[in-house]
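Reading through the structure tokens given below for one structure.
Source: prediction; values computed, not measured. Within every chain, numbering begins at 1; the chains are lettered A, B, ... in the order of the sequence lines, protein sequences first and strands thereafter.
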Amino acid sequence: MFRVVREPINLQELVTYVTHPSAGAIATFIGTTRNNNEGRKVIALDYEAYPEMAEKELARIGEEAKRNWKIERMAITHRIGPVQITEPSVIIAVSAAHRDDAFQACRFAIEEIKKTVPIWKKEVFEGGEVWIGTQTGQPLAGR
Amino acid sequence: MFRVVREPINLQELVTYVTHPSAGAIATFIGTTRNNNEGRKVIALDYEAYPEMAEKELARIGEEAKRNWKIERMAITHRIGPVQITEPSVIIAVSAAHRDDAFQACRFAIEEIKKTVPIWKKEVFEGGEVWIGTQTGQPLAGR
Amino acid sequence: MKIKVKFFAILRERAGVGEVTKEIPEGSTVADLWQALKNEYPKLAPVDMRLLYAVNRNYVNPDHALKERDEVAFVPPVSGG
Amino acid sequence: MKIKVKFFAILRERAGVGEVTKEIPEGSTVADLWQALKNEYPKLAPVDMRLLYAVNRNYVNPDHALKERDEVAFVPPVSGG
């Protein structure tokens with residue numbers, strides 16, 4: 001289940017989707033909007049996507065995770081539009097027989113999302129706004 | 001929030017508890033009952049705890065995680081009594097400004113739980129039951 | 001031939017449009033299309049970021065040859081998550 | 001002196017009881033208490049696992065000296081998670 005949505009993401013829905021009788025472990029990652037970034041007071045993040053390609057890339061990450069680790073199921077939902085402080089912008093859930101595979105595949109997914117999936121965040125901060133990752137010569141801010 | 005409970009664990013409750021305006025990342029781990037273990041067909045796991053000490057040890061793990069990583073909040077709930085296939089026996093949630101701290105602290109917590117927290121699982125399988133970890137000379141089964 | 005072009009995020013703002021149909025000569029590559037677009041939308045010209053190129057929702061190299069009705073996206077540095 | 005003793009999991013099943021109060025001499029250690037309990041509950045005797053000892057909900061070494069009304073737990077290999 002790999003989706004780009006405009007509405008708030010339902011964590012339990014993703015976890016229910018990956019729940020599996022052969023799985024002893026589920027790892028999840030939730031990215032939330034933080035109230036500060038590089039000294040700026042953040043008001044909200046506003047996400048934009050190339051939705052059709054983003055969902056395709058998310059599914060590709062799922063396939064790659066399945067090849068690299070022994071996992072049962074993966075689900076990723078990325079939200080677009082404005083995401084307020086403390087709200088989730090992305091949730092990843094992965095189930096596996098053993099916890100090591102679940103953790104590693106989950107970590108892999110978020111790292112890949114930040115590298116290849118056509119989604120962009122504009123940071124709205126006190127005093128302005130900026131597309132993260134496109135400041136000239138500046139590396140992408142970590143989260 | 002470090003608890004040992006008899007009822008099903010509410011994932012969203014833990015995540016809501018660790019949600020924090022300064023956090024950009026929440027990592028969770030959910031341990032679920034798997035339908036098989038070392039070739040045995042598992043029917044359910046039945047957990048027993050020394051509840052007062054277990055909660056104290058869980059809180060100690062939280063303190064140690066706070067010293068080792070830059071995290072905002074941690075919550076751990078371990079369920080005792082019978083836990084059916086696919087049901088969570090333990091849920092850990094950790095929030096942090098950055099994802100690396102959240103992942104590492106979450107992983108640390110589950111490893112520590114399996115080492116030091118006075119909780120025991122009896123595996124009820126087709127054909128018998130066994131206290132995991134106490135089979136003579138046998139190492140503790142991984143999950 | 002007709003190509004569907006998509007701009008996102010900072011490029012969408014610079015172009016002032018999210019999607020356009022562009023007529024380009026047969027045999028054009030993604031790099032040729034990008035050059036033509038920069039002539040038409042001068043604000044796209046500053047090369048101040050690493051761009052990726054997608055044709056029909058797959059990443060491609062700039063020398064990728066285009067076909068009639070391809071959907072081409074110019075992808076500024078992604079920052080999802 | 002009186003000590004509150006707790007058994008869990010496989011030890012509880014072997015002892016046939018989860019909690020007992022045990023009278024032991026002043027100056028006894030955790031190891032002394034364990035020896036006394038093995039005499040009283042012979043099924044506890046087989047040393048087929050690594051035991052941990054907790055006094056008043058903290059792990060201690062077997063030479064830890066006990067005090068009146070201490071709560072002592074014998075902790076078989078844990079397997080939570």
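Using a 4.5 Å cut-off on side-chain heavy atoms (C-beta onward), Lys56(B) and Asn58(D) make contact. Taking 4.5 Å as the limit, some side-chain heavy atom of Glu13(D) sits within range of a side-chain heavy atom of Lys122(B). At least one side-chain heavy atom of Trp120(B) sits under 4.5 Å from a side-chain heavy atom of Val75(D).
To the nearest 0.5 Å, atom CZ of residue Arg12(D) and atom CH2 of residue Trp131(B) are 5.5 Å apart. Atom OG1 of Thr116(B) and atom OH of Tyr59(D) lie 5.5 Å apart (nearest 0.5 Å). For the atom pair Asn56(D) CG and Met53(B) CE, the distance stands at 10.5 Å (nearest 0.5 Å). Tyr50(B) OH to Phe74(D) CZ: the interatomic distance, rounded to the nearest 0.5 Å, is 11.0 Å.
Under the side-chain hydrogen bond (donor to acceptor under 3.5 Å, both in side chains) criterion, Ser95(B) pairs with no residue at all, not counting sequence neighbours.
For the pair Ser79(D) (side chain) and Lys121(B) (backbone), a donor-acceptor distance under 3.5 Å is present.
The shortest non-hydrogen separation linking Gly133(B) to Pro77(D) is O-CB, 3.4 Å. For the pair Ser89(B) and Gly81(D), the tightest heavy-atom approach, listed with the atom from each and the gap, is OG-O, 3.2 Å.
The choice from Arg60(B), Arg79(B), His78(B) that makes the most heavy-atom pairs within less than 4.5 Å of chain D is His78(B).
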Step by step, work out the salt bridge (charged side-chain N to carboxylate O under 4.0 Å, His left out) result for Arg57(D) and Glu55(B). CA-CA 10 Å; Arg57(D) 301 164 191 178; Glu55(B) 292 190 343; over 6 Å; no
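Using a 4.5 Å cut-off between heavy atoms, Ala49(B) contacts chain D through its backbone alone, with no side-chain atom that close.
The environment of NZ in Lys70(B) is sparse: at most 12 heavy-atom neighbours from other residues, nucleotides or ligands sit within 6.0 Å.
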